Amino acid sequence: MKDLHTLQQQFRTLFGGEGTAFFAPGRINLIGEHTDYNGGFVFPGAVDCGITAVIRPNNSSSVSIYAADLERSCRFNIMDEKGPSDMNFRYVYGVVREMMVAGVPVEGFDAVYGGDVPLGAGMSSSAALECCFSFALNDLFDGSLDKMALARIGQATEHKYVGVKCGIMDQFASLHGRAGALMRLDCRSGEFQYFPWNPEGYRLVLVNTCVKHELVGSPYNERRASCERVAALAGVETLRDCTWEQLSTLNSKLSTQDHNRARYVLGEVDRVMAVSDALERGDYEEVGRQMYLTHEGLSHDYEVSCPELDFLVDEARRLGVSGARMMGGGFGGCTINLVKDDRCDTFLDEVQHTYRERFGIDCRPISVVIGDGAHRL
Ligand code: GLA
């Protein structure tokens, strides 16, 4: 967690007096990638790093925020229709506006925030920011929104103020996380279960490619549009409800690209269930096997991987890692690896060496600690 003491000190210097501190984490996802906006299952967990904010209502309609990591500040009025143009502050502005739409009596406030989610790692620092503020404002202004409603506030912020048509996974995980447990969420019904995560003899470790490929257009939204086209042709609301038989009868009506993308999603929905069963049996080798299959699908059918991610997954396989795949939206960020304890050090040493040789830059291992969801500090 970001050093709370420093943030409190900065709050005192800028605004005088004390504020209330809140924290919301980033997330990992064991399996179930690009399934959330298709009504499928995801398997995330909150991590122990995230966004910390010190906040205090100021009895006005004006919001003053200082982003400590960026050393930048911003001021806006909650009644302002357009909001700040600086993307970093649009997350907070969006949350404020969406909370007002949801009936929370939000007023002006002063805030200082900072974070320790590794940047560009695909661990959802933006969801952590949205959830830190939605959780805090609901608490400070006596809102009555439950965690799922708060998650939707964050998702609506991405859609309407940032332009990413994301699913619900990241915000869900940031709010509902529980130390030592992963969660399986059914994104169609909103039902979820906690799965204690205590894989004896294994470790989860992320390897950050430290690249984020800026692609033309909006590849994330394009993937979603492909899925929606196929679902519409199949006459179902989301691909979760499309069967393999239905997909095969649509073959002639679909572009190869849309067909491959839908094939990935149907397969991924099945894989999450296979992983749930394997976890119940304690069969971590099977969990890992499914992770590799997910990566193949994301790389070849869904086409959201990149050479750096593919390389890290190939290296993991070569070095005897039980399971590895890219994690999150794609085009950079990190891989998630399920590694036997006794192979972990060799894997990390070797992969850092070969990655540097191949790409001329360093990749960065991040050990995973499953932490709690958003809370007051
Ligand atoms: C991003 C989105 C999520 C999800 C993942 C892919 O993290 O914010 O909603 O779609 O990509 O699984």
Side-chain angles (χ1 to χ4, degrees), residues 24-47 50 87 91 94-95 117-131 134 148 150-177 182-188 190 192 206 208 212-213 215 218-228 231 238-240 261 264-269 271-272 275 290-291 293-295 297-299 301-306 309 325-336:
R27 59 107 189 87
I28 54 136
N29 184 27
L30 183 64
I31 198 152
E33 215 65 89
H34 288 277
T35 43
D36 55 357
Y37 53 84
N38 286 301
F41 296 93
V42 292
F43 221 116
V47 288
M87 277 317 279
Y91 292 103
V95 166
V117 185
L119 279 186
M123 295 171 74
S124 298
S125 53
S126 59
L129 177 58
E130 292 147 13
C131 295
S134 68
M148 206 51 120
L150 293 176
R152 293 212 181 86
I153 296 269
Q155 186 190 21
T157 297
E158 296 274 352
H159 286 206
K160 297 192 208 163
Y161 304 83
V162 185
V164 178
K165 302 277 179 207
C166 67
I168 196 72
M169 169 171 72
D170 305 349
Q171 293 80 6
F172 164 83
S174 181
L175 286 152
H176 293 81
L182 298 180
M183 299 163 282
R184 188 185 70 198
L185 169 69
D186 178 337
C187 298
R188 185 176 60 187
F192 62 95
L206 308 182
N208 190 354
K212 188 81 210 165
H213 296 289
L215 301 170
S218 174
Y220 183 92
N221 293 353
E222 280 165 25
R223 297 304 179 281
R224 184 170 182 151
S226 276
C227 296
E228 286 171 357
T238 61
L239 282 184
R240 161 77 179 281
R261 288 176 183 172
Y264 162 75
V265 173
L266 265 60
E268 187 69 352
V269 172
R271 282 187 288 273
V272 179
V275 162
Q290 298 291 336
M291 290 167 76
L293 291 174
T294 291
H295 186 78
L298 286 167
S299 182
D301 283 349
Y302 219 63
E303 297 179 298
V304 291
S305 187
C306 63
L309 287 165
R325 64 176 197 82
M326 55 151 279
M327 188 182 80
F331 311 108
C334 55
T335 58
I336 177 165

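For ligands, and for the atoms within them, numbers begin at 1 and follow the listed sequence. Just so you know, these numbers come straight off a predicted model, no measurement behind them. Reckoned from all heavy atoms, side chains included, excluding hydrogens, waters and symmetry mates. Position 1 is the first residue of the sequence; numbering continues from there.
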Worksheet item: For the atom pair CG (Asn29) and CE (Met183), what is the distance rounded to the nearest 0.5 Å?
Response: 9.5 Å
Worksheet entry | Nearest atoms (heavy-atom pairs only) where Cys131 meets Leu175 | SG-CD1, 3.7 Å
Practice prompt. Not counting sequence neighbours, which residues clear salt bridge (Lys or Arg N to Asp or Glu O under 4.0 Å) with Glu33? List them please.
Written response: Arg325
Worksheet item: With a 4.0 Å cut-off, would you call Glu303 and Arg261 a salt bridge?
Response: yes
Discussion item. To check you understand the geometry: which heavy-atom pair defines the closest contact between Pro25 and Ser174, and what is its length?
Written reply: O-OG, 2.8 Å
Worksheet item: Near ligand 1, which residues have a heavy atom under 4.0 Å away from one of its atoms?
Response: Arg27, Glu33, His34, Asp36, Tyr37, Cys166, Gly167, Met169, Asp170, Tyr220, Gly328, Gly329
Practice prompt. Identify the heavy atoms of Ala128 and Gly26 that sit nearest to each other, and give their distance.
Written response: CB-N, 4.0 Å
